[in-house]
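Comments concern the structure below.
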Amino acid sequence: MKIIMLGAPGAGKGTQAKMLAAKYDIPHISTGDIFRANIKNGTPLGEKAKEYMDKGLLVPDELVVDLVIDRFKNPDCEKGYILDGFPRTIPQAKALTEALEKIGEKVDFAINVEVPDENIIRRMSGRRACVGCGATYHIKYNPTKVENICDACGKELILRDDDKPETVEKRLNVYHEQTQPLIAYYTEQGILKEVDGTVDMNVVFDAIVDILGE
Ligand code: AP5
């Protein structure tokens, strides 16, 4: 099963993608996580990506597309995968469609997690990310057992650089301009499904599982 998670920054794509990856035993491929790992490791790709990410801008398509398409060659992708944060522009979506067509495959579902902008700003200021394993929490909606310490690996939690309110606003504008058009693109392909992302995260999860099947 090949799934794309769509939605504004902070809509809950990553939260749901992790839960779905565990349920269906397929990898969660997050381009944001790949870039953050590269930044942490000081790679040339990370250095380039950071310039854009810190400003709330998208990393150029040419730095993203091959990276993701190469990732599909990994044996863990045999049963499918969940794409989180990719594609994010029409050229990325077209590149994905073409790459899959070449090997006789296609995406099965594009799930749009719908959350209004007002809720997003509130959510992002409360999000905390683990410096060790990248797990994400929310100080109110998904708190850790011990304040500021990751439940999974015991490392410290931080506010992501791009979660500062002024950068979140920029990211939302970029989302509306460059990523929202993908909703029409996947509607035309007949694979778009909408879920309400404003409700409790377990309720969102159940709604997605209803769409994908047990
Ligand atoms: P990326 O990491 O993909 O960020 P994003 O899309 O902006 O998404 P987020 O990770 O911010 O949010 P999310 O929807 O996953 O929400 P989450 O589950 O964490 O990308 C970062 C940057 O990298 C981009 O800005 C860009 O520069 C670059 N980049 C990445 N991919 C790219 C690409 N393909 N092309 C070009 N550039 C690219 O949830 C948010 C918070 O809400 C959490 O605290 C969570 O606990 C909480 N929460 C989740 N669900 C609920 C709920 N139902 N109720 C209450 N709280 C909830």
Side-chain angles (χ1 to χ4, degrees), residues 1-38 40 64 67-88 96 100 105-115 119-120 123-124 126-158 160 163 182 186 191-214:
M1 183 153 51
K2 300 183 187 65
I3 305 162
I4 292 173
M5 300 303 295
L6 292 176
K13 303 179 296 294
T15 302
Q16 295 302 325
K18 285 186 189 101
M19 293 161 83
L20 293 167
K23 176 170 175 68
Y24 294 103
D25 192 25
I26 49 179
H28 164 211
I29 303 176
S30 156
T31 38
D33 286 352
I34 294 173
F35 289 135
R36 281 185 289 277
N38 275 274
K40 195 174 154 194
V64 187
L67 183 86
V68 178
I69 296 192
D70 269 0
R71 175 69 181 79
F72 298 160
K73 292 176 190 148
N74 200 310
D76 67 343
C77 290
E78 255 168 35
K79 283 200 300 174
Y81 37 79
I82 303 169
L83 295 177
D84 163 17
F86 179 91
R88 229 179 175 101
L96 174 64
L100 290 178
E105 294 183 2
K106 62 178 186 52
V107 171
D108 300 297
F109 295 101
I111 308 283
N112 184 38
V113 183
E114 184 57 43
V115 177
N119 300 35
I120 299 279
R123 271 190 196 180
M124 302 300 246
R127 172 163 61 181
R128 295 293 179 272
C130 173
V131 292
C133 68
T136 47
Y137 300 91
H138 192 282
I139 51 175
K140 184 167 167 207
Y141 306 120
N142 183 22
T144 46
K145 293 190 185 94
V146 179
E147 199 181 325
N148 233 25
I149 299 294
C150 179
D151 289 347
C153 74
K155 296 253 167 64
E156 183 202 353
L157 305 184
I158 51 153
R160 255 167 56 177
D163 278 352
L182 295 182
Y186 286 114
I191 58 166
L192 188 92
K193 303 284 174 189
E194 300 263 3
V195 293
D196 177 4
T198 61
V199 292
D200 181 272
M201 47 190 87
N202 293 307
V203 178
V204 181
F205 179 68
D206 290 345
I208 300 176
V209 171
D210 275 349
I211 293 166
L212 304 180
E214 279 298 332

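For the numbers below, each heavy atom of this structure counts, side chains included, while hydrogens, waters and symmetry mates do not. Computed from a prediction, not measured in an experiment: that's the story for all the values here.
- Proximity of Lys23 to Glu214: side-chain heavy atoms (C-beta onward) are separated by under 4.5 Å at one or more points.
- With contacts defined as side-chain heavy-atom distances shorter than 4.5 Å, the pair Val204/Ile208 qualifies.
- Taken to the nearest 0.5 Å, the CE atom of Met124 stands 12.0 Å off from the CG atom of Asn119.
- At least one side-chain heavy atom of Tyr24 sits under 4.5 Å from a side-chain heavy atom of Val209.
- Once rounded to the nearest 0.5 Å, the distance linking CG of Asp108 with CD1 of Ile211 reads 13.0 Å.
- By the 4.5 Å heavy-atom criterion applied to side chains, Thr31 and Leu83 are not counted as neighbours.
- Inter-residue side-chain proximity for Ile191 and Lys106 is flagged as unmet; no heavy-atom pair is nearer than 4.5 Å.
- Atom-to-atom distance recorded for Lys193:NZ and Asn112:CG is 12.5 Å, nearest 0.5 angstrom.
- Closest of all the heavy-atom pairs between Gln16 and Met5 is CB-CE, 3.9 Å.
- Checked by atom type and distance alone, the side chain of Asn38 pairs as donor or acceptor with a backbone atom of Ile34 at under 3.5 Å.
- The line from NE2 of His138 to CZ of Arg123 is 7.5 Å long, rounded to the nearest 0.5 Å.
- With rounding to the nearest 0.5 angstrom, the CG atom of Asn142 is 9.5 Å from the CG atom of Asp200.
- Of the charged side-chain nitrogens involved, at least one lies within less than 4.0 Å of a carboxylate oxygen, so that Arg71 and Asp76 count as a salt-bridged pair.
- Annotation: the span from Leu20 atom CG to Ile26 atom CD1 amounts to 7.5 Å, rounded to 0.5 Å.
- Considering only heavy atoms from C-beta on, Thr144 stays 4.5 Å or farther from Ile149 through its side chain.
- When all heavy atoms are compared, the tightest approach of Pro143 to Asp151 is O-OD2, 4.4 Å.
- Taking both residues in full, the closest heavy atoms of Leu157 and Cys130 are given as CD2-CA, 3.6 Å, listed atom of the first, atom of the second, then distance.
- The minimum heavy-atom distance between Asp84 and His28, with the atom names listed, is OD2-NE2, 2.8 Å.
- Annotation: side chain to side chain donor-acceptor pair (under 3.5 Å) contacts of Asp196 (sequence neighbours excluded): Thr198.
- Looking at Leu212 and Ile111, their side chains come closer than 4.5 Å, going by heavy atoms from C-beta outward.
- Annotation for Lys18: atom NZ counts as buried by contact number, over 12 foreign heavy atoms lying within 6.0 Å.
- Listed here is the closest heavy atom pair of Ala152 and Tyr137: N-OH, 3.5 Å.
- The two residues Leu96 and Pro87 have their closest heavy-atom pair at CD2-CD, 4.0 Å.
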